[in-house]
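Worksheet for the structure shown next.
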Amino acid sequence: STDYAFAAGRAHIRRNDKTMAAGFSAYEAGDYALAQAMFEQADHKLGGSMPALMLARVLLERSGDPADAPEAVKYLKYASGAPYTPRPIAPRRMRFDPNNPYLDIPPAGEAAAILGKMHFVGYGVARDPEAAVKWFKIALQQGDVPAAKIVGDIYANGYGVPRDAKKAERYYRVAADYGFAPAQVALGDLYYYGDIGAAPDVETALTWYAKASGQRDAGALYALAHAYDAGEGVPRDAEKALSYYKLAALGGDPRARGAIGDYFYRGEIVERDPVTARKWF
């Protein structure tokens, strides 16, 4: 009965609390002093990850001064649930919208990801890529699916840690299986360039590019266009190539814009038009 009364009391406080809403309003208005005061009240009244995360963000953003980072780190560690030992790679099933991948990241996951970024670049803390990887892995386990892509990038490129394409592939696949398009493209690139096998596997690469293209990922659309343009893994089809190039160009891919310019310059599929080619170039 005592536990029930305590829980009911906490729930009552949460339902009637106005400090978090006031803190968010002040934060969005750029009034960091008021936001800090409100989030401190919320932290005292409610506890939990969200007030601590927002206090850390206020400290990091109000002046951009790394001198505020040590205090922010304390709040971030609390918000992240640290100390925490990451489990095997695959996180528990969670809500994830590939079309809005940063919408449902829990505060604990966001806090751990911020700690990962700070350690990776050495902002307010000693630069430590291995510690960064640890925090990004914790972020993943706490519900931040895009963090798996970051861990994959670190291993794929050897950013401060030994390069390991196999580890990169495992982490890319976690985010790719959730439908995160940038991870699907990165996984496709590993297969396309043969980084995780004895030889390139273009067919598997195109499978991942095709999945990412469903979300209009410009990199994936360009990769598919290039495959049809060069006849790699699929029969050459200039019309399909140009169609994918157009979609990729609309998505902002400069390589696709250059390829379209090349089509107009050569006069393939479209009428030769150097002026239009120049615009695309």
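Bear in mind that the values here come from a model prediction, so they are computed numbers and not experimental data.
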Partner set under side chain to side chain donor-acceptor pair (under 3.5 Å) for D273, not counting sequence neighbours: T276
Report yes if the side chains of [X] and [Y] come closer than 4.5 Å at any heavy-atom pair, otherwise no.
{"X": "L250", "Y": "L221", "value": "no"}
{"X": "S80", "Y": "Y78", "value": "no"}
{"X": "V73", "Y": "L115", "value": "yes"}
{"X": "R272", "Y": "Y265", "value": "yes"}

Among F136, Y178, F96, side-chain contact (heavy atoms from CB on, under 4.5 Å) partner for P146: F96
Transitively linked via ILVMFWY side-chain contacts under 4.5 Å: [X] with [Y]?
{"X": "L190", "Y": "L224", "answer": "no"}
{"X": "L34", "Y": "M50", "answer": "no"}
{"X": "Y228", "Y": "F264", "answer": "no"}
{"X": "Y159", "Y": "V121", "answer": "yes"}
{"X": "V161", "Y": "I138", "answer": "yes"}

Please give me the minimum heavy-atom distance between [X] and [Y], naming the atom from each residue.
{"X": "A35", "Y": "G23", "result": "CB-O, 3.7 Å"}
{"X": "V202", "Y": "E232", "result": "CG1-O, 3.7 Å"}
{"X": "P70", "Y": "P66", "result": "CD-O, 3.6 Å"}
{"X": "D43", "Y": "A52", "result": "OD1-N, 4.4 Å"}
{"X": "G109", "Y": "A139", "result": "O-CB, 3.4 Å"}
{"X": "P106", "Y": "G143", "result": "CD-O, 3.6 Å"}

Could you grab the distance from atom [atom1] of [X] to atom [atom2] of [Y], nearest 0.5 Å is fine?
{"X": "L60", "Y": "K117", "atom1": "CG", "atom2": "NZ", "result": "11.0 Å"}
{"X": "K18", "Y": "S25", "atom1": "NZ", "atom2": "OG", "result": "12.5 Å"}
{"X": "L59", "Y": "M54", "atom1": "CG", "atom2": "CE", "result": "11.0 Å"}
{"X": "K137", "Y": "I154", "atom1": "NZ", "atom2": "CD1", "result": "9.5 Å"}
{"X": "K149", "Y": "L187", "atom1": "NZ", "atom2": "CG", "result": "11.0 Å"}
{"X": "D104", "Y": "D144", "atom1": "CG", "atom2": "CG", "result": "11.5 Å"}

Any side-chain donor near an acceptor of the partner, E110 and Y102, under 3.5 Å: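 Short answer, no.
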Test log, rule side chain to side chain contact (heavy atoms under 4.5 Å, CB included), inputs R57 and F39: CA-CA 11 Å; R57 293 190 65 160; F39 290 136; over 6 Å; no
Y155 six-ring centre to R163 NZ/CZ under 6.0 Å and within 45° of normal: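 No, R163 and Y155 do not form such a contact.
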Show me the donor-acceptor pairs, under 3.5 Å and distance only, between side chains in residues 237-249 and residues at least two apart or in other chains.
residue	atom	partner	partner atom	Å
D237	OD1	E239	N	3.2
D237	OD1	K240	N	3.1
Y245	OH	D229	OD2	2.9

Heavy-atom neighbours of Y193 OH exceed 12 at 6.0 Å: no
Of all pairs that satisfy salt bridge (Lys or Arg N to Asp or Glu O under 4.0 Å), the ones with a partner from residues 253-266, not counting sequence neighbours: D253-R255, D262-R266, R266-E268
Are any side-chain N or O atoms of [X] and backbone N or O atoms of [Y], one a donor and one an acceptor, separated by less than 3.5 Å?
{"X": "T204", "Y": "D201", "value": "no"}
{"X": "S49", "Y": "A79", "value": "yes"}
{"X": "E203", "Y": "G233", "value": "no"}
{"X": "N157", "Y": "D153", "value": "yes"}

Residues V145, I105; criterion side chain to side chain contact (heavy atoms under 4.5 Å, CB included); working and verdict: CA-CA 8 Å; V145 170; I105 295 176; over 6 Å; no
Counting only pairs under 3.5 Å, give me each side-chain donor-acceptor contact of residues 124-133, with atom names and distances, residues two or more places apart or in other chains.
residue	atom	partner	partner atom	Å
R127	NE	F120	O	3.0
D128	OD1	E130	N	3.2
D128	OD1	A131	N	3.1

All pairs passing side chain to side chain donor-acceptor pair (under 3.5 Å) where residues 209-225 contributes a residue, at least two apart: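 For residues 209-225: D189-Y209.
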Q184 vs Y172, side-chain hydrogen bond (donor to acceptor under 3.5 Å, both in side chains): CA-CA, chis, key distance, verdict: CA-CA 7 Å; Q184 293 172 334; Y172 283 151; over 6 Å; no
Salt bridge (charged side-chain N to carboxylate O under 4.0 Å, His left out) between E71 and K74, worked out: CA-CA 5 Å; E71 187 69 17; K74 294 178 184 178; 3.8 Å; yes
R62 vs Y27, side chain to side chain contact (heavy atoms under 4.5 Å, CB included): CA-CA, chis, key distance, verdict: CA-CA 9 Å; R62 67 183 180 183; Y27 175 80; over 6 Å; no
Candidate pair W135 and M118, rule side chain to side chain contact (heavy atoms under 4.5 Å, CB included), full reasoning: CA-CA 10 Å; W135 283 112; M118 291 174 70; over 6 Å; no
Residues in side-chain contact (heavy atoms from CB on, under 4.5 Å) contact with Q41, at least two apart in sequence or another chain: T19, M38
